[in-house]
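Structure first, commentary second.
Numbers for residues simply follow the sequence, beginning at 1.
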Amino acid sequence: MTTHYLAAIDLGASSGRVMLATFTRLQPDSAPTLTLQEIHRFPNNLTRIDGHETWDLDALEQHIREGLNRLDACGIALDGIGIDTWGVDYVLLDEQGQRVGLPIAYRDCRTEGVMARMEQQLGRQTLYQKTGIQFMPFNTLYQLRALAEQQPEVVSKAAHLLMIPDYFHYRLTGNMNWEYTNASTTQLLNITTGDWDDDLLKLAGVPRRWLQKPTQPGNSLGEWHSPRGHKVPVFAVATHDTASAVVAAPVSNTHSAYLSSGTWSLMGIESQKFFNHAQALHDNITNEGGINGSYRVLKNIMGLWLFQRVCRELNVQDLPILITQAQAIKPFTYLINPNEDCFINPCSMVTAIREACRQQGGPVPDTAAELARCIFDSLAMQYRQVSLQLAALQGRPLDNIHIVGGGSQNQFLNQLCADACQLNVSAGPVEASTLGNIGCQLMALHAVADAGEFRRIVANNFEQHHYVPRTHADFSTHWRRFQALCHTNEELAV
């Protein structure tokens, strides 16, 4: 019998967790078991400092160490540690490895207007052909240009740039690394070479010496020394949380789509080739890095961030009751384009949604249930739009959709996704990013052969729910409304 104990640190934009995985294989050819245990869960909230939205990296590091120390105190001999987080955000360090400047979050307003100016300088088509990355105003490329323009004194003090998970790996091991899947979210990586693009670094005002060539997931970065004196290997997993989630998504074949549903909804396909041609640019498709040389061809959708903000503003405590109330409201009464810039980080999400509906000249949601129904219907429509775009890219219809992540627990939204896309939907596992993190560690330890074997292990050990599409008599009318809405707001959406 072989047993591996692995710690996965999964940091999302609203919460983080330290999880313990136990992987057991009784015989070399027997089906293994895989279990997860939550060791420490903690909030991750934006903190406003000097007029900027920032991350409290010191608090996050303290929580990471607390979770690892709890495992150590229990006498668990870990075989590995991995960290995954959200993308695009970074940390600057000086020559001594100390932080320089604030760890500003992607929802900060400092990048307003930067993307448009950079597109004019280099050209939208040239930018896309170089990177294959979706145009979003908070991409690292635009964050760094804003930094260079607004805080040149910070640039002059910096010696290294690390993405958020690479920073925490550095804090645990003392070694620097630039992991590929997270680096690919920056819009600074050349999609053909897999290395940083010198033209884009120059455009952003970033010295090349800040960065080294990104490494593929799976390499050992060093060791964490526990309080009890154990030396635990720290692995660079697929450090972008969506990349890890895709590793664990039990997709049935190459024509299945995944939907990582949480604060963001990320919908895509796994591909051995990237798409940076004119149609992909028109649809604003992103080609982010996956494991083993694959690409995550996907679209970023604003996701349940809208719902989370509405619930927070209206002090909604019982989410199941609110979702039940939303189900009773007439479908598609209210529709918005959830990818509009105005929803990135408004002062009031409730006001932003109502104003968007008001500008369309249609009904305006008043109650919490009406706002929730508006969000869910609009997300389902966005899922349909992206599913059709992905089908066109691969040259054939999608076979089905696998929803993973925390949002996969929303059965109502899962059914709406099946209905809008007219595809069978499977939902689960919930802790997909954590599981993918573990999968990368198991592959690094040669305990699992590849992603295909690991996905079968996930499917055998974690529950899934299935949804069959239903028809709606007036759906085509509502679909035309949504398409017209997205066309009207096309420039805002990209």
Side-chain angles (χ1 to χ4, degrees), residues 87-90 92 101 104-156 158 160-163 178 180-214 240 266 268 271 273-289 295-300 339-341 344 389 393 487 489-494:
V88 306
D89 285 342
Y90 62 89
L92 295 178
I104 298 178
Y106 64 88
R107 292 196 190 275
D108 188 76
C109 64
R110 64 175 173 164
T111 58
E112 286 183 5
V114 176
M115 184 173 74
R117 294 202 309 273
M118 295 184 76
E119 286 182 31
Q120 289 177 349
Q121 281 185 265
L122 193 61
R124 188 177 178 86
Q125 184 174 1
T126 299
L127 269 169
Y128 192 72
Q129 286 183 339
K130 279 178 171 288
T131 67
I133 294 298
Q134 181 177 353
F135 288 87
M136 295 186 292
F138 47 72
N139 286 349
T140 319
L141 172 64
Y142 313 122
Q143 290 196 46
L144 289 170
R145 177 62 176 268
L147 175 75
E149 292 176 350
Q150 300 165 21
Q151 296 178 292
E153 72 282 1
V154 172
V155 175
S156 66
H160 308 284
L161 183 153
L162 296 176
M163 302 304 287
W178 291 260
Y180 169 66
T181 66
N182 215 300
S184 73
T185 70
T186 62
Q187 207 175 9
L188 287 163
L189 212 63
N190 188 292
I191 197 168
T192 303
T193 66
D195 201 353
W196 307 104
D197 188 282
D198 289 331
D199 293 337
L200 297 181
L201 292 176
K202 183 177 180 180
L203 191 65
V206 175
R208 185 65 175 81
R209 65 180 183 276
W210 283 5
L211 302 154
Q212 295 180 22
K213 185 171 182 177
H240 187 218
L266 302 106
S271 174
K273 65 177 182 178
F274 57 81
F275 299 85
N276 64 344
H277 50 58
Q279 187 59 48
L281 169 60
H282 176 270
D283 293 337
N284 206 21
I285 296 293
T286 202
N287 296 266
E288 294 174 354
Y295 297 92
R296 293 175 287 124
V297 180
L298 60 87
K299 188 76 169 280
N300 287 274
N339 266 17
E340 284 190 65
D341 280 4
I344 291 177
Q389 290 170 346
L393 281 181
H487 178 74
N489 295 307
E490 186 173 6
E491 290 191 5
L492 285 174
V494 300

Qualifying residue, where the test is side chain to side chain donor-acceptor pair (under 3.5 Å) with Gln143 and the options are Asp108, Thr186, Thr111, Asp89: Asp89

Residues in salt bridge (Lys or Arg N to Asp or Glu O under 4.0 Å) contact with Lys130, at least two apart in sequence or another chain: Asp197, Asp199

From Phe135 atom CZ to Leu127 atom CG, the distance as rounded to the nearest 0.5 Å: 5.0 Å

Under 3.5 Å: donor-acceptor pair, side chain of Trp210, backbone of Ala158: yes

Straight-line distance of Asn284 CG to Arg124 CZ, nearest 0.5 Å: 5.5 Å

Side-chain (Arg107) to main-chain (Ile344) donor-acceptor, under 3.5 angstrom: yes

Distance, nearest 0.5 Å, that separates CD of Glu288 from CG of Leu298: 5.0 Å

Side chain Thr185, main chain Val88, donor-acceptor under 3.5 Å: yes

Thr286 side-chain N/O to Gln134 backbone N/O, donor-acceptor pair under 3.5 Å: yes

Counterpart residues, side-chain contact (heavy atoms from CB on, under 4.5 Å), relative to Arg208 (two or more places apart): Asp195, Trp196, Asp198, Leu201, Leu211

CD/Gln125: more than 12 non-hydrogen atoms of other groups inside 6.0 Å: no

Short side-chain to backbone donor-acceptor contact, Gln150 and Arg110, under 3.5 Å: yes

Exam field: side chain Asn287 to backbone Phe274, donor-acceptor pair closer than 3.5 Å: no

Backbone N/O of Asn300 and side chain of Asn339: donor-acceptor pair under 3.5 Å: yes

